[in-house]
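First listed ligand is number 1; within each ligand, the first listed atom is number 1. These figures come from a predicted structure and were not determined experimentally.
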Amino acid sequence: MMDIPFNKPYLTGKETDYIKQAVATGKISGNGLFTKKCQSFFERHYGFNKTLLTSSCTDALEMAAILCSIEPGDEVIAPSFTFVSTVNAFVLRGAKIVFADSEDLTPNINVAAIEPLITSKTKVIVPVHYAGIACNMNGILDLAKAYNILVVEDAAQAIDSYYLEKPLGSLGHLATFSFHETKNIIAGEGGMLVVNDDTFSKRSEIIWEKGTNRAAFFRGEVDKYGWVDIGSSFLPSDTIAAFLYAQLEHIVDIQTRRKNIWNLYMNGLKILETKGLLTLPSVPEYATNNGHMFYLVCKDLDERSRLINHLKHQGIMTVFHYLSLHKSPYYEKRHDGRELPNSDRYSNCLLRLPLYFELRDQDVEVIIASILAFFGYK
Ligand SMILES: *Cc1c(COP(=O)(O)O)cnc(C)c1O
């Protein structure tokens, strides 16, 4: 029997060398040598205005919520089909979350569903680029401009992916990335805040460093440092950044391999979509695919459960994803009762297949053959 896990973190080989180098500098707290190397990599490579490494994407989202000056009663529009941190960060500051449904063809937020949800209290829209595939950003940015709303991209899954040739994470006022071990580029736990709107730059550094103006002090811009705002300890130690830097040096090979695997799945399973037996990921014309995730959408929950078991019996581990947040134990009492059928459909029917650097072509072929057999092909 095969033994194919759902995920396997990939090490490029230099991670522990760089951690040793970070240790040898004698400064392993935050904002050290490797933190600066990683941040300048992102600024150079993707043209981001300003980046700050964080301990997680969750932390970066919490920073974003503070920067947006969320106050109790403010409203934030986000998809229901997402990870809790997308919205929990705003709930921590007292926001009310107004959930929008996903698109028919992708789990991304449906732009047409957003405008009717906007009120005078709406402060932020949080598009989530699910599976690294861009949301309809021009639609979202137009609404944001018309109603004077901020946009925070949850780009946790979206490294090295593009919307009309612009890198994801460069489009909102703020954006957040994750380097959790399940993402394309990893640090164990890790994340990053991108500050595209420069009016947030100064304050972002202060919030990052516990509400102090320490960064400005070390640049010699102020002659003493102290407590000037709210904040927290959002920066990771430099050993985390050292690990991350070893990954970034291999971003091209990592992305190439992941996209190859994604294409193998797409080509191998296309016949099932053609026959109307399931739905495969749809990449809109304005978006690229970054090989973060390959999923399929079954016709119902029962079929998905049977497919998971069928694959598990052959040693192939697959997993479903988010449960609609508007129906979560925490939020269902707070939700306004609207039905969000596409979000529920993805909750019940979406299945993620193994996708990691070391997954071999022959493994992918076995997985494809097993899925074809389940649907009565071959
Ligand atoms: C992974 C993920 C997060 C959380 O990232 P962490 O780094 O684990 O905090 C948030 N949002 C989305 C969409 C994610 O996929």
Side-chain angles (χ1 to χ4, degrees), residues 6-7 9 35 38 42 51-66 76-92 97 99-100 102-103 106-109 124-135 137 140 151-161 163 168-169 171-172 174-194 208 232-237 240-241 243-244 247-248 258 281 287 289-295 319-326 328 330-331 343 346-347 350 352 355-356:
F6 171 68
N7 184 49
T35 299
C38 290
F42 284 109
T51 58
L52 292 170
L53 290 193
T54 56
S55 304
S56 62
C57 182
T58 301
D59 266 2
L61 286 158
E62 288 175 22
M63 287 185 71
I66 296 173
V76 171
I77 298 174
S80 177
F81 189 75
T82 186
F83 190 59
V84 289
S85 296
T86 308
V87 291
N88 185 65
F90 295 90
V91 169
L92 280 171
I97 310 301
F99 286 113
S102 298
E103 298 179 315
T106 81
N108 286 341
I109 193 165
V124 183
I125 301 171
V126 194
V128 179
H129 306 298
Y130 186 79
I133 291 169
C135 294
M137 289 306 292
I140 292 168
V151 175
V152 176
E153 294 175 75
D154 182 342
Q157 305 173 9
I159 193 164
D160 200 48
S161 203
Y163 171 81
L168 298 186
L171 298 145
L174 299 163
T176 65
F177 285 91
S178 175
F179 309 118
H180 186 264
E181 74 167 29
T182 52
K183 305 302 202 268
N184 292 26
I185 297 292
I186 64 175
E189 300 279 354
M192 181 170 71
L193 177 74
V194 181
W208 194 50
S232 191
S233 184
F234 287 117
L235 64 178
S237 68
I240 302 273
F243 189 110
L244 180 63
Q247 295 265 313
L248 290 175
R258 294 187 71 107
N289 158 47
N290 71 344
H292 174 59
M293 183 197 303
F294 194 90
Y295 66 81
V319 293
F320 52 84
H321 216 179
Y322 309 126
L323 303 174
S324 288
L325 292 177
H326 71 287
S328 62
Y330 177 72
Y331 217 82
S343 178
Y346 292 116
S347 292
L350 183 144
R352 297 186 287 160
L355 203 174
Y356 46 88

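The two atoms that bring Asn184 and His292 nearest to each other are OD1-ND1, 2.8 Å, heavy atoms only. The two residues Cys57 and Ser178 come nearest to each other via the heavy atoms CB-CB, 3.5 Å.
Residue Arg258 is tested with Asn290, Asn289, Leu355 for a side chain to side chain contact (heavy atoms under 4.5 Å, CB included); the sole match is Leu355. For the side chain to side chain contact (heavy atoms under 4.5 Å, CB included) criterion with Ile77, the lone passing option out of Val126, Ile109, Val124 is Ile109.
Within the 4.5 Å cutoff, no side-chain heavy atoms of Tyr322 are placed close to those of Pro107.
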Could you pull out every N or O of ligand 1 that sits under 3.5 Å from a protein N or O, with the distance for each pair?
{"residue": "ligand 1", "atom": "5 (O)", "partner": "Ser178", "partner atom": "OG", "Å": "3.3"}
{"residue": "ligand 1", "atom": "7 (O)", "partner": "Cys57", "partner atom": "N", "Å": "2.9"}
{"residue": "ligand 1", "atom": "7 (O)", "partner": "Ser178", "partner atom": "OG", "Å": "2.7"}
{"residue": "ligand 1", "atom": "9 (O)", "partner": "Cys57", "partner atom": "N", "Å": "3.3"}
{"residue": "ligand 1", "atom": "9 (O)", "partner": "Thr58", "partner atom": "N", "Å": "2.8"}
{"residue": "ligand 1", "atom": "9 (O)", "partner": "Thr58", "partner atom": "OG1", "Å": "2.5"}
{"residue": "ligand 1", "atom": "11 (N)", "partner": "Asp154", "partner atom": "OD1", "Å": "3.4"}
{"residue": "ligand 1", "atom": "11 (N)", "partner": "Asp154", "partner atom": "OD2", "Å": "2.8"}
{"residue": "ligand 1", "atom": "15 (O)", "partner": "Gln157", "partner atom": "NE2", "Å": "2.8"}
{"residue": "ligand 1", "atom": "15 (O)", "partner": "Lys183", "partner atom": "NZ", "Å": "3.2"}
{"residue": "ligand 1", "atom": "15 (O)", "partner": "Tyr322", "partner atom": "OH", "Å": "3.3"}

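The closest side-chain donor-acceptor pair between Tyr163 and His129, if any, does not fall under 3.5 angstrom.
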